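Computed from a predicted structure; not experimentally measured. Chain identifiers are assigned alphabetically (A, B, ...) following the order of the sequence lines, protein sequences preceding nucleic acid strands; residue numbering begins at 1 within each chain. Keep in mind that the numbers below use all heavy atoms, side chains included, and drop hydrogens, waters and symmetry copies.
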Amino acid sequence: MVDEKELRDLVKKTVKRDDVKYVVGYEKGTYGFQVTPCFAYKPEDADKFVFSPLCVHNLVVFPMLEEKPPLRKGEQPDSRKVGVVVKGCDSRAIIQIIQEKGLDRDKVVIIGIPCTGVIDPKKIKAKFPGQVKNVEIKDDNDKFAITINGKTHNIAKDELMPDKCLTCEYPTPVLYDILIGKEIKSNKKEDYKKVTSFEKKSLKEKWQYWEKQFEKCIRCYACRNSCPLCYCKECMVDQLDPQWVRRTVDVSENTAWNIMRAFHLAGRCIGCGQCERVCPMDLPLMELNKKIEKDIKELFEYTPGINAEEKPLLAMFKPDDPEDFIL
Amino acid sequence: MDKMILAKNALQKFIDELLKKNKVYAPIKNDETVLFEEIKKPSEMTLDYINSEYPPKALMLNQTETLFKYIPGTKGKIEPVNMDEDKIIFGIRPCDAKSFAILDHVFKSDFEDPYFLTKRKNTTLIGLSCIEPGVNCFCTSFDDSPASSKDLDILLTDIGDKYYVEVFTDKGRKLANTASKLFKPATESDAKKKKDAEKKAIDAIKRVQKTENIAEKLDKIFDNKYWKEVAAKCVGCGTCTYLCPTCHCFDIQDESTLTKGARIRVWDTCMNPEYTLHASGYNPRPARTNRVRNRVYHKYNYYPKNFDVIACVGCGRCIDLCPVNIDIIDVVTTAGEVKP
């Protein structure tokens, strides 16, 4: 468990630096199991910072969402660094973006937190419904200690963690400037259990499953906007001329959107699971992402977001690449 | 107003009776998501839910609505679409029913929108009191009640082994009469049970939004840095607006192939930068700060000024499902305390 005092002190120190604009971390949310992104512009803002198993958000999305308003005459752009608090999975998003030259390494200060697993908000809401007051949760080795109305419930982690944590191979941030606490080694392995069992289904069954899912999509694009790797200046679904995907919300256009989203993340998705977490209609988007991740691992022995010096998968060519798909 | 009793085991028969002559829309469970969809038999619906994920406004203002169809080209022609037939929405919550009344203001003020208003006219609303409100329910902040009757034709309230049925309009009476043998007159003790259930539900609502003089207060803080703080964590998706029962902005598009086409309208969201983007390239709401502020002002300032009602019913959907916990209760209450 992370020492919150150490976190706050380090954030304060970082915000004080002349070359840092702000640090984004987490603070207590407004109800129940909520934790919410928090921005420290001044050292005292860091007093609000927390870190608990409820810190599910991937905050790397924020440096990517920075707006660059047009400058007035003679005005200089604010080119100071942005500080981000990251868990293991989140740090891989930064690496991937740096690889793609979407972000300069020296424009971010990465505050890494070795992560012992977060809580799936949907699972905990189902287990303890109706929580209005903020609930405190602590990490207790293989259990989460959840204190509600003075009573502490110790729940096995496996019961409340999202799938990504159950098979997490990178609990310690892979890239960081400052690390809070000690490194953690993982003995877990991504086994693609869900994908493998789904692959065994017939084509018809697969389509039936996904049609039912895509039918629910309302195209709010929460999946896209919460994804640190969806940072195109103009997303292809927003383009009007040419219009790649129609505005009509039906199973055909929704399928186009969801498949294109997954494909645009091929070899780039680092599996932080934000898309699935934020989907208001509960689409199992990680199942798509994981299928592509598995194929890429098998075909090219490539895992995204591990090495900032490496080239992105789609910018690489090796003479012995498999070419089975070329007819 | 008629007050009656419907035994719980007679509910199925009542729905069967309704289904004989009407299209009935009711909450159904699709995996974990509850939506209002057309049902063919009573067993398809679920009444065990707090709020549907997708608001029933989608039945009045469809997310995608064909305005007319056409055949393009010089010899082209326009084909009008069939306006909606009669339907019943069963199991709608009082807050969602209120949202229809709020939407009426827009759709019949400057221009009478035939699509929305025809559906409104042809729809009978059979409500179901919300006896176990959700975490983020706050209808009581607008002096409403989870068992409010204001905008419904019929209201059912679960009072244990039976439903307390109140009929408010002629439309509702007509429907109730088709199954009159299923209903029994309500007694004083039934009326008391309904009151008790309502009180219990009101007491269960813990969250409060302070909306006193909010329109005037907001007038004074339009340029306040507060809005920048609120918007800093917004990721700019459309969840809050699409799931809002009173958000009603739409975009109009022609979608055609070489031989056929349709003019459609689809929900739009003010969270999208394209929403106010002018053809010239100028955007009056260029930053998320402007857009997040607009959502709040539209509901708590422009709407009260134009139509004398706050455009929020307190269903809590935008709070439940915001990816970053932008909480309209908190945002508005704090805005009221910001010093101009």
(Q) Is it the case that the side chains of B:Q253 and A:Q243 hold a donor-acceptor pair, with the cut-off being a distance below 3.5 Å and no angle test? (A) yes
Q: Kindly state each residue pair satisfying side chain to side chain donor-acceptor pair (under 3.5 Å) with at least one member in residues 227-237 of chain B, sequence neighbours excluded.
A: A:T36-B:K233
Q: Side chain from CB out, backbone as N, CA, C, O: work out which of these in B:V266 comes under 4.5 Å of a heavy atom of chain A, or both, or neither.
A: side chain
(Q) Less than 4.5 Å apart, side chain to side chain, heavy atoms only: is that true for B:E274 and A:L240? (A) yes
Q. Among B:N62, B:I319, B:I50, who wins on heavy-atom pairs under 4.5 Å with chain A?
A. B:I319
Q: Mark yes when over 12 heavy atoms from residues, nucleotides or ligands other than A:K28 sit less than 6.0 Å from its NZ; otherwise mark no.
A: no
**Q.** Other residues, nucleotides, ligands: >12 heavy atoms within 6.0 Å of A:K133 NZ
**A.** no
Q) Crowded around B:K200 NZ? As in, over 12 foreign heavy atoms under 6.0 Å? A) no
Q) Between B:N325 and A:V35, is a side-chain contact (heavy atoms from CB on, under 4.5 Å) present by the stated rule, with each step listed? A) CA-CA 7 Å; B:N325 186 217; A:V35 157; over 6 Å; no
Q | Proximal component of A:Y41, with respect to chain B [non-hydrogen, under 4.5 Å] | A | side chain
Q | Atom of B:T239, atom of A:A222 and distance for their closest heavy-atom approach | A | OG1-CB, 3.4 Å
Q | Sidechain-backbone polar pair: A:R277 side chain, B:P323 backbone, donor-acceptor under 3.5 Å | A | yes
Q.
Between B:C234, B:A287, B:A204, B:P273, who has the most heavy-atom pairs with chain A when the cutoff is under 4.5 Å?
A. B:A287
Q.
Quick check for you: among B:M271, B:E65, B:R288, B:R265, which has the greatest number of heavy-atom pairs under 4.5 Å with chain A?
A. B:R288
**Q.** Enclosure of A:N149 CG (heavy-atom neighbours >12, cutoff 6.0 Å)
**A.** no
Q) Would you say the side chains of B:D31 and A:Q213 form a donor-acceptor pair under 3.5 Å? A) yes
Q) Rounded to the nearest 0.5 Å, how far apart are SG of B:C237 and CZ of A:R219? A) 14.5 Å
Q: Apply the test salt bridge (Lys or Arg N to Asp or Glu O under 4.0 Å) to residues A:E67 and B:R291: give CA-CA distance (whole Å), side-chain angles for both, the deciding distance (0.1 Å), then the verdict.
A: CA-CA 13 Å; A:E67 288 166 327; B:R291 300 194 279 271; 3.5 Å; yes
Q.
Checking an interface table here. Which of residues 249-257 of chain A come within a heavy-atom distance under 4.5 Å of chain B?
A. A:V249
Q. Do other residues, nucleotides or ligands put more than 12 heavy atoms under 6.0 Å from B:E32 CD?
A. no
**Q.** Approximate separation, where rounding is to 0.5 Å, of A:T248 OG1 and B:Q63 CD
**A.** 10.0 Å
Q. Do you know which of B:D320, B:L35, B:T66 has the most heavy-atom pairs with chain A at a distance under 4.5 angstrom?
A. B:D320
Q | Greater than 12 external heavy atoms within 6.0 Å of B:K69's NZ | A | no
Q. Are the side chain of B:D327 and the backbone of A:T30 linked by a donor-acceptor contact shorter than 3.5 Å?
A. no
Q) B:L243 and A:I218: side-chain contact (heavy atoms from CB on, under 4.5 Å), yes or no, with the steps? A) CA-CA 9 Å; B:L243 299 182; A:I218 57 168; 3.8 Å; yes
(Q) With chain B as the partner, which of A:Q131, A:H57, A:K216 has the greatest number of non-hydrogen pairs under 4.5 Å? (A) A:K216
Q.
Is there a salt bridge (Lys or Arg N to Asp or Glu O under 4.0 Å) between A:R247 and B:D268? Walk through the geometry before answering.
A. CA-CA 10 Å; A:R247 294 295 197 265; B:D268 202 352; over 6 Å; no
Q | SG on A:C279 to CG on B:L321, rounded to 0.5 Å | A | 9.0 Å
Q: List the steps, then state whether side-chain contact (heavy atoms from CB on, under 4.5 Å) holds for A:M281 with B:N30.
A: CA-CA 10 Å; A:M281 306 314 276; B:N30 185 354; over 6 Å; no
Q. Who among A:P69, A:C220, A:A126 has the most heavy-atom pairs with chain B under 4.5 Å?
A. A:C220
Q: Might you confirm whether atom CG of B:D48 has over 12 heavy atoms from other residues, nucleotides or ligands at distances under 6.0 Å?
A: no
Q.
Side chains of A:Y221 and B:V235, heavy atoms from C-beta outward: is any pair under 4.5 Å?
A. no
(Q) Counting only heavy atoms not in A:K122 (residues, nucleotides, ligands), do more than 12 fall under 6.0 Å from its NZ? (A) yes
Q | Short side-chain to backbone donor-acceptor contact, B:R207 and A:Y31, under 3.5 Å | A | no
